Chemist: 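The structure that follows is given in the form of structure tokens.
Order of the sequence lines sets the chain letters (A, B, ...), proteins ahead of strands, with each chain counted from 1. The structure presented is a predicted model; accordingly, all values stated were derived computationally and were not measured.
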Number of protein chains: 4
Amino acid sequence: MLTINWKPDKESSIPLYKQIIDYSKDRMRNGEWTIGSKLPTQRELAKIFEVNRSTIVEALDELKAEGLIEGKSGKGTSIVNNTWSLLASISPPNW
Amino acid sequence: MLTINWKPDKESSIPLYKQIIDYSKDRMRNGEWTIGSKLPTQRELAKIFEVNRSTIVEALDELKAEGLIEGKSGKGTSIVNNTWSLLASISPPNW
Amino acid sequence: MLTINWKPDKESSIPLYKQIIDYSKDRMRNGEWTIGSKLPTQRELAKIFEVNRSTIVEALDELKAEGLIEGKSGKGTSIVNNTWSLLASISPPNW
Amino acid sequence: MLTINWKPDKESSIPLYKQIIDYSKDRMRNGEWTIGSKLPTQRELAKIFEVNRSTIVEALDELKAEGLIEGKSGKGTSIVNNTWSLLASISPPNW
DNA sequence: GTGGTCTAGACCACT
DNA sequence: GTGGTCTAGACCACT
């Protein structure tokens with residue numbers, strides 16, 4: 001299980017769910033969140049980040065849509081990392 | 001009639017109507033917009049600032065509420081400046 | 001113009017827009033809000049009730065759907081009361 | 001789950017939420033959306049129609065008020081069709 | 001000026 | 001997970 005000691009900035013003009021997405025991607029890029037590792041449950045994440053669980057759902061939805069994580073009902077959410085997607089969001093390749 | 005060559009920044013995270021309020025207060029503080037001078041019509045302001053007229057109405061509403069301007073139906077809007085109000089919004093007096 | 005000195009209860013489990021609908025219907029039933037009288041503007045109601053204008057719009061939408069009020073762009077909202085509709089919503093007649 | 005391949009026309013002068021209401025009623029009239037079938041989630045509909053979820057909610061609110069659909073927290077929205085209501089909105093009977 | 005429409009974002013209740 | 005509620009902000013049409 002991943003450990004997290006960070007909170008989104010509620011004063012920031014960047015939406016909470018986007019801050020969470022960015023934070024998660026950073027962790028994956030850094031290799032801190034490796035493929036196969038499991039995320040805390042949505043309820044736990046909500047407590048850790050001190051946001052509503054719906055905000056967590058919104059962030060995870062996007063990460064799922066980008067193929068970075070995978071959630072199976074009742075089995076938690078895991079990193080299925082996709083290096084290409086992450087690289088692409090930094091700077092597009094010039095092939 | 002006052003001349004204006006400034007536009008709010010549509011990319012800013014500061015709401016358009018707030019940028020317009022701030023800009024107006026600055027002009028009054030600077031003494032560029034003196035008591036008694038008339039503002040362009042709402043429609044003209046909308047064109048000048050490149051925003052919707054409703055956004056102008058919203059900004060003028062607040063300036064009116066603060067007693068800085070006064071609008072009479074069919075007679076345009078004029079500065080009735082209130083130095084105290086403006087000072088107050090910089091730093092509160094310590095009486 | 002109707003005078004209002006009431007605010008919805010933000011702590012209540014009843015949604016704000018529903019409290020506003022109920023309050024409005026009560027005023028009409030009591031005959032305090034008579035046919036033809038004009039409501040304050042949506043923006044004023046928002047200030048009076050200390051809610052967002054969207055919440056006002058949501059409440060007025062329902063009253064409109066029930067044929068109790070009528071809103072005209074640029075001309076405000078008026079009571080067009082329908083006694084039958086109001087009675088029906090208290091208790092169904094037993095004919 | 002119902003399949004949808006249609007989008008409201010953003011250029012139309014008919015409000016988006018009204019287009020969505022009309023489209024939905026047509027589907028029900030045609031018998032394509034049968035009683036008991038489930039609609040996609042509000043968030044999915046928003047993506048499909050390329051509008052904000054609030055616009056979806058506005059449309060569903062009306063369909064709900066007309067008794068055509070029913071939404072249950074955490075359980076999605078289903079068609080509870082009311083043929084009379086639909087017929088009535090095409091042309092009133094001449095009894 | 002004002003009602004109407006729409007977007008973006010967030011939280012809650014209930015499952 | 002999903003419907004329901006609410007806020008803040010902006011634009012448009014019509015007067």
Side-chain angles (χ1 to χ4, degrees), chain A residues 8 10 13-19 42-43 46 50-61 64 71 73-74, chain B residues 8 10 13-20 42-43 46 50-61 64 71 73-74, chain C residues 8 10 13-19 38-46 50-61 64 69-78, chain D residues 8 10 12-19 38-46 50-61 64 69-78:
Chain A
K10 298 217 177 190
S13 66
I14 300 172
L16 295 171
Y17 80 95
K18 275 197 185 124
Q19 292 184 50
Q42 296 182 347
R43 276 162 232 276
E50 291 176 359
V51 299
N52 192 276
R53 189 162 67 84
S54 312
T55 303
I56 299 294
V57 171
E58 207 171 335
L60 296 187
D61 268 357
K64 226 180 289 176
S73 278
Chain B
K10 299 217 176 189
S13 66
I14 300 171
L16 295 171
Y17 80 94
K18 276 199 184 120
Q19 292 184 48
I20 294 171
Q42 297 182 347
R43 276 162 232 277
E50 291 176 359
V51 300
N52 192 276
R53 189 161 68 81
S54 312
T55 303
I56 299 295
V57 171
E58 207 170 334
L60 295 187
D61 267 358
K64 226 179 293 176
S73 276
Chain C
K10 299 218 177 188
S13 66
I14 300 172
L16 296 172
Y17 78 93
K18 275 194 186 125
Q19 293 183 49
K38 282 189 90 171
L39 258 64
T41 68
Q42 296 180 346
R43 287 159 179 88
E44 281 167 352
L45 286 171
E50 292 175 357
V51 300
N52 192 273
R53 180 157 83 98
S54 307
T55 301
I56 298 295
V57 169
E58 203 173 350
L60 296 187
D61 269 354
K64 226 183 303 169
I69 62 171
E70 212 173 75
K72 281 184 188 160
S73 260
K75 306 194 62 172
T77 304
S78 330
Chain D
K10 299 217 176 189
S12 166
S13 66
I14 300 171
L16 296 171
Y17 79 92
K18 276 197 184 124
Q19 292 184 51
K38 281 190 92 171
L39 258 62
T41 68
Q42 296 179 346
R43 287 158 178 90
E44 280 168 352
L45 287 171
E50 291 175 358
V51 300
N52 192 273
R53 180 157 83 100
S54 306
T55 302
I56 299 295
V57 169
E58 203 174 349
L60 296 186
D61 268 354
K64 225 182 304 170
I69 62 172
E70 213 173 74
K72 281 184 189 160
S73 261
K75 305 193 62 170
T77 306
S78 328

Chemist: Could you tell me whether the phosphate oxygens of E:dA10, OP1 or OP2, come under 4.0 Å of any side-chain nitrogen or oxygen in A:Tyr17?
Modeler: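 The answer is no; no side-chain N or O of A:Tyr17 sits under 4.0 Å from OP1 or OP2.
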Chemist: Hey, could you give me the CG/OG distance between C:Leu39 and C:Ser78, rounded to the nearest 0.5 Å?
Modeler: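 Output value for this atom pair is 8.0 Å.
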Chemist: Side chain of A:Arg53 only, heavy atoms from C-beta on: which candidate in E:dA8, E:dA10, E:dC14 is closest?
Modeler: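 Of E:dA8, E:dA10, E:dC14, E:dC14 is nearest to the side chain of A:Arg53.
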Chemist: I'd like to know if D:Thr55 reaches the base of E:dC6 with its side chain such that a donor and an acceptor end up less than 3.5 angstrom apart.
Modeler: no
Chemist: Quick one: does D:Ser73 reach the base of E:dC12 with a side-chain donor-acceptor pair under 3.5 Å?
Modeler: no
Chemist: Would you indicate which nucleotide in F:dT7, E:dC11, E:dT15 comes nearest to any side-chain atom of D:Lys75?
Modeler: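 Selected nucleotide: E:dT15.
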Chemist: Which part of the nucleic acid, if any, lies within contact of C:Lys64, taking any heavy atom under 4.0 Å across all strands shown: a base, the sugar-phosphate backbone alone, or nothing?
Modeler: sugar-phosphate
Chemist: Using a cut-off of 4.0 Å on non-hydrogen atoms, how would the nucleic acid contact of B:Leu16 be classed: base, sugar-phosphate, or nothing?
Modeler: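 Answer is sugar-phosphate: B:Leu16 comes under 4.0 Å of backbone atoms only.
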Chemist: Any chance you could measure D:Ile56, atom CD1, to D:Thr77, atom OG1, to the nearest 0.5 Å?
Modeler: 10.5 Å
Chemist: Which nucleotide in the list F:dT7, E:dG9, E:dG4 gets nearest to the side chain of C:Gln42?
Modeler: E:dG4
Chemist: Using whole Å, report how far CD1 of B:Ile56 lies from P of F:dC11.
Modeler: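 Interatomic distance, CD1 of B:Ile56 to P of F:dC11: 9 Å.
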Chemist: Closest-nucleotide mapping onto DNA chain F: is C:Lys10 or D:Glu44 further toward the 5' terminus? I mean the 5' end.
Modeler: D:Glu44
Chemist: Closest approach to the side chain of B:Ser54, judged atom by atom: which nucleotide of E:dT7, E:dA10, F:dA13 is it?
Modeler: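 The nucleotide sitting nearest to the side chain is F:dA13.
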Chemist: Starting at CD of A:Gln19, measure out to OG1 of A:Thr55 and round the result to the nearest 0.5 Å.
Modeler: 11.0 Å
Chemist: If E:dG4 has a Watson-Crick or G-U wobble mate with both distances under 3.5 Å, name it; if not, just say none.
Modeler: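 Base-paired to F:dC11.
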Chemist: Could you state the atom-to-atom distance from CG of B:Asp61 to C1' of E:dG1 in whole Å?
Modeler: 9 Å
Chemist: In Å, rounded to the nearest 0.5 Å, how long is the span from CG of C:Leu16 to CD of C:Glu50?
Modeler: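 So the gap between those two atoms works out to 11.0 Å.
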Chemist: Quickly work out the C:Glu50 CD to F:dA8 P distance and round it to whole Å.
Modeler: 12 Å
Chemist: CG of C:Asp61 to CD of C:Glu58: how many Å apart, nearest 0.5 Å?
Modeler: 8.0 Å
Chemist: Whether the side chain of D:Lys38 engages the backbone of D:Lys75 through a donor-acceptor N/O pair (distance < 3.5 Å, no angle test) should be reported.
Modeler: yes
Chemist: Assign each of C:Gly76 and A:Glu58 to its nearest nucleotide of DNA chain E by heavy atoms, then name whichever residue's nucleotide is nearer the 5' end.
Modeler: C:Gly76
Chemist: Let me spell it out: for each of C:Thr77 and D:Ile14, pick the nucleotide of DNA chain E with the closest heavy atom. Which residue's pick is nearer the 5' end?
Modeler: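 Result of the comparison: C:Thr77.
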Chemist: Closest approach to the side chain of D:Lys18, judged atom by atom: which nucleotide of E:dG9, F:dT7, E:dT5 is it?
Modeler: E:dT5
Chemist: For the side chain of D:Arg43, counting heavy atoms from C-beta on, which of F:dT2, F:dT7, F:dC11 is nearest?
Modeler: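 Closest of the options to the side chain of D:Arg43: F:dT2.
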Chemist: Considering only side-chain heavy atoms of C:Pro15, which listed nucleotide, F:dC12, F:dC6, E:dT7, is closest?
Modeler: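 The closest nucleotide is F:dC6.
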Chemist: Would you mind reading off the distance between C:Leu60 atom CG and F:dC6 atom P, rounded to a whole angstrom?
Modeler: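 Atom-to-atom, C:Leu60 to F:dC6, this comes out as 14 Å.
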Chemist: Among E:dT5, F:dG3, F:dC11, find the nucleotide with the atom closest to the side chain of C:Val57.
Modeler: E:dT5
Chemist: Distance check needed: F:dT2 P versus D:Ile69 CD1, whole Å only.
Modeler: 16 Å
Chemist: Looking at every strand, decide which applies to D:Ser13 at a 4.0 Å heavy-atom threshold: base, sugar-phosphate, or nothing.
Modeler: nothing
Chemist: Does the base of F:dA8 carry an N or O that pairs as donor and acceptor with the side chain of C:Asn52 under 3.5 Å?
Modeler: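 In this structure, the two groups form a donor-acceptor pair.
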Chemist: I need the CG-P distance between D:Leu39 and F:dG3, as an integer number of Å.
Modeler: 9 Å
